[in-house]
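A note on names: the letters A, B, ... follow the listed sequences, proteins ahead of strands, and every chain is numbered from 1.
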Protein chains: 2
Amino acid sequence: MAKSNAPITEHLAYLLAQANREINRQLELRLSKEGVPVEQWRILKVLSDGDGHSMGDLADAVLLNHPTLTKMIDRMVSDALVYRVQDPNDRRKVLMFISDRGKVLCKKLNSLAVDQEEHILESYGDKSTSELKRLLESLIDSSN
Amino acid sequence: MAKSNAPITEHLAYLLAQANREINRQLELRLSKEGVPVEQWRILKVLSDGDGHSMGDLADAVLLNHPTLTKMIDRMVSDALVYRVQDPNDRRKVLMFISDRGKVLCKKLNSLAVDQEEHILESYGDKSTSELKRLLESLIDSSN
DNA sequence: CTTCAATTGTTGAATATTCAATATTTTCAA
DNA sequence: TTGAAAATATTGAATATTCAACAATTGAAG
């Protein structure tokens, strides 16, 4: 039986929040070299496959809710990183695409992100990293 | 060598964000029964030791930055869950304490949170959970 | 001692996020 | 075929967060 008086630092929810906050902070720091928030990097990366993604799909993929995504996309369209196309098969939908400018930026961001992953591998270890990834994936799976 | 064209779902930062989002959403759902955001539960839990905690310490412990914490504490003071005392040893500091009312609420919240942890244990497994916790702690350690 | 830098917490303005309501299009049952 | 319900994206108002500036206190060097 779980103890209700356990310190907060022993709760899974807290450990996840703490780890996420720290890793995200580090990534943020790298990406700030290009003046881009983490969410925009995610968006560019998802759109990098060249396919059109609806706003709904994209929102799920980049962990943002719809209105937040809409407004972030507005900014990215202003910056000419992505563009909207109405889905010809279902005109309720908007398909998002990455622009050439977006692709160029995405490459730079990818190398900054890889830089971070390598840094983690060094200090945290190869074994631990892949084991952690495996466990996280499995946790996410079991939560659906 | 890490691949820069790896899908975003393979990045540790993304997996952490995704897992954190999901687990936090579940916890939020439970705590909403008492109308309390997750951060307030964390605050109450940290203050449950009965000691006075400065705003700075508290901000670190509950993963909020200072201005956000100040404003959340303002609300909690209005709700009579916590109270401020000026630190007699260092009058720049404010020491936060939990009230009796806060303690009562905290107990209810704890059992809701334990409920969630038990639910995770069931669907995700005892072994995986403790192994994941261990790896997260170690990741956090190695990031300092 | 005095003064200047560092620490601590709060405030207000700027920014971002969220919730509820809306508009548009599609689906599907009658 | 029509009309109601569902799906999709956006908008605007309400709310929350963040950044930079501020005030108060302490520490420490000269």
Side-chain angles (χ1 to χ4, degrees), chain A residues 17-18 20-22 24-29 31-32 35-43 46-47 51-79 81-97, chain B residues 17-18 20-22 24-29 31-32 35-43 46-47 51-79 81-97:
Chain A
Q18 194 181 3
N20 179 51
R21 186 180 161 87
E22 178 58 27
N24 203 58
R25 197 190 57 76
Q26 289 174 15
L27 181 56
E28 215 164 38
L29 199 65
L31 299 189
S32 72
V36 174
V38 175
E39 289 80 10
Q40 289 199 15
W41 172 60
R42 289 200 201 123
I43 292 170
V46 168
L47 296 185
D51 300 344
H53 291 258
S54 75
M55 291 297 279
D57 289 352
L58 199 49
D60 287 345
V62 304
L63 315 176
L64 290 176
N65 42 20
H66 292 211
T68 306
L69 178 63
T70 292
K71 285 155 192 173
M72 182 157 285
I73 289 288
D74 286 346
R75 266 165 284 175
M76 294 176 77
V77 169
S78 297
D79 294 343
L81 298 172
V82 299
Y83 57 93
R84 290 177 164 97
V85 175
Q86 175 152 286
D87 185 337
N89 296 114
D90 184 341
R91 282 163 30 208
R92 289 170 302 184
K93 294 187 184 173
V94 170
L95 298 181
M96 297 304 312
F97 291 91
Chain B
Q18 194 181 3
N20 178 53
R21 186 181 164 88
E22 179 58 26
N24 203 57
R25 196 190 57 76
Q26 289 174 16
L27 181 56
E28 215 164 37
L29 199 65
L31 299 189
S32 71
V36 174
V38 175
E39 290 78 11
Q40 290 198 15
W41 172 59
R42 289 200 201 123
I43 292 170
V46 168
L47 296 185
D51 300 345
H53 291 258
S54 74
M55 292 296 280
D57 289 352
L58 199 50
D60 287 346
V62 303
L63 315 176
L64 291 177
N65 43 19
H66 293 213
T68 304
L69 178 63
T70 292
K71 285 155 192 172
M72 182 157 285
I73 289 288
D74 285 347
R75 267 166 282 172
M76 294 176 78
V77 169
S78 297
D79 295 342
L81 299 173
V82 300
Y83 56 94
R84 290 177 163 98
V85 175
Q86 175 152 285
D87 185 337
N89 296 113
D90 183 341
R91 281 162 32 208
R92 287 169 302 182
K93 293 187 183 174
V94 170
L95 297 181
M96 298 303 313
F97 291 90

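- In this entry the distance linking CE of B/Met76 with P of C/dT10 reads 14 Å, nearest Å.
- Within the 4.0 Å cut-off from OP1 or OP2 of D/dT26, not a single side-chain nitrogen or oxygen of B/Arg92 is found.
- Atom CZ of B/Arg25 is separated from atom C1' of C/dT17 by 18 Å (rounded to the nearest Å).
- The CE atom of A/Met96 sits 12 Å away from the C1' atom of D/dA9 (whole-angstrom rounding).
- For B/Arg84 and C/dT10, the shortest distance from a side-chain N or O to OP1 or OP2 is below 4.0 Å.
- To the nearest 0.5 Å, atoms OG1 (A/Thr68) and CD1 (A/Ile73) are separated by 11.5 Å.
- Taking atom CG of residue A/Asn65 and atom C1' of nucleotide D/dT8, one finds them 15 Å apart after rounding to whole Å.
- For the atom pair NZ of B/Lys71 and CG of B/Leu64, the computed distance is 12.5 Å after rounding to the nearest 0.5 Å.
- Residues A/Glu22 and A/Gln26 bring a donor and an acceptor atom of their side chains to less than 3.5 Å of each other.
- Look at CG on B/Asp57: it is 14 Å from P on C/dT7, rounded to the nearest Å.
- The nucleotide whose nearest atom lies closest to any side-chain atom of B/Pro67 is, among C/dG9, D/dA20, D/dA9, D/dA20.
- Summary of the strand contacts: A/Gln86 and A/Met72 both lie near DNA chain C, and taking for each the nucleotide with the nearest heavy atom, the more 5' one is attributed to A/Met72.
- For C/dA16, one of the phosphate oxygens OP1 or OP2 lies less than 4.0 angstrom from a side-chain nitrogen or oxygen of A/Arg75.
- Here the C1' atom of nucleotide D/dT10 and the CD1 atom of A/Ile73 are 13 Å apart, to the nearest Å.
- Minimum interatomic distance between A/Thr70 and A/Arg84 (heavy atoms only, all atoms of both residues): O-NH2, 3.7 Å.
- For the pair A/Asp90 CG and D/dA9 P, the interatomic distance rounds to 8 Å; values are reported in whole Å.
- Comparing A/Lys93 and A/Lys71 along DNA chain D, the residue whose closest nucleotide (by nearest heavy atom) sits nearer the 5' end is A/Lys93.
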Next item on the list: Kindly indicate, with the supporting measurements, whether the criterion salt bridge (charged side-chain N to carboxylate O under 4.0 Å, His left out) is fulfilled by B/Arg25 and B/Glu28.
Entry: CA-CA 5 Å; B/Arg25 196 190 57 76; B/Glu28 215 164 37; over 6 Å; no
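- Close to C/dT8, at under 4.0 Å from its OP1 or OP2, lies no side-chain N or O of B/Ser54.
- For the OP1/OP2 pair of C/dT18 and a distance below 4.0 Å, the side-chain nitrogens and oxygens of A/Thr68 include at least one atom meeting the criterion.
- To the nearest angstrom, C1' of D/dC19 lies 14 Å from NE2 of B/His66.
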